[in-house]
Undergrad: 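Please read through the structure below; I'll follow up with questions.
For reference, positions follow the sequence shown, starting with 1.
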Amino acid sequence: HAKMQIAFRGRMWNAGPELITQCNLCLAHGHFNPVMADVHGNPVKVDAEELKTLALERWQEQMNAWHVEHEELRKQR
């Protein structure tokens with residue numbers, strides 16, 4: 001889904017539970033600047049907190065839009 005992709009430091013990432021969880025695991029283990037794979041599988045050193053924040057924002061934005069759309073369709077039935 002193109003709507004779920006985010007640009008971060010010149011690379012593309014899929015914002016979603018997998019990326020958010022990976023960032024959370026890195027942060028929980030003290031890896032604040034881990035190397036992670038972007039959407040193309042390229043290894044990139046990132047700021048895990050910043051990437052997580054962007055991913056969470058995009059994820060929630062898309063989930064809210066999906067919810068609104070779902071509610072509108074439900075009302076039309």
Undergrad: Using 0.5 Å steps for rounding, measure from the NE2 atom of His70 to the CE atom of Met63.
TA: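 Interatomic distance, His70 NE2 to Met63 CE, rounded to 0.5 Å: 12.5 Å.
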
Undergrad: Sort out for me which residue in Glu61, His67, Gln60 forms a side chain to side chain donor-acceptor pair (under 3.5 Å) with Asn64.
TA: Gln60

Undergrad: Spell out, yes or no, whether Leu19 and Phe8 are grouped together once hydrophobic residues are joined by side-chain heavy atoms under 4.5 Å, including indirect joins.
TA: yes

Undergrad: Starting from Leu56, can I reach Trp66 by hopping between I/L/V/M/F/W/Y residues whose side chains sit under 4.5 Å apart?
TA: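 Cluster IDs for Trp66 and Leu56 match.
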
Undergrad: Going by heavy atoms in the side chains, are Cys26 and Lys52 under 4.5 Å from each other?
TA: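 Side chain of Cys26 against side chain of Lys52, heavy atoms only: no contact under 4.5 Å found.
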
Undergrad: Would Asn33 and Val46 satisfy side-chain contact (heavy atoms from CB on, under 4.5 Å), going step by step from the backbone distance to the final call?
TA: CA-CA 5 Å; Asn33 296 104; Val46 300; over 6 Å; no

Undergrad: Hey, does Leu27 have a side-chain heavy atom less than 4.5 Å from the side chain of Phe32?
TA: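 Contact flag for Phe32/Leu27 side chains = yes.
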
Undergrad: Determine the minimum heavy-atom distance between Cys23 and Met36, stating which atoms define it.
TA: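 Heavy atoms only, the tightest pair is SG-CE, 3.9 Å.
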
Undergrad: So with a 6.0 Å cut-off around CD of Glu18, is the heavy-atom count from everything else above 12?
TA: no

Undergrad: With side chains defined as the heavy atoms from C-beta onward, is the minimum distance between Trp13 and Val44 less than 4.5 Å?
TA: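 When only atoms from C-beta onward are counted, Val44 and Trp13 do touch, with a gap below 4.5 Å.
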
Undergrad: Is there a chain of hydrophobic side chains (I, L, V, M, F, W, Y, each step under 4.5 Å between heavy atoms) that links Leu54 to Met12?
TA: no

Undergrad: Does a side-chain heavy-atom distance below 4.5 Å link Leu51 with Arg9?
TA: no

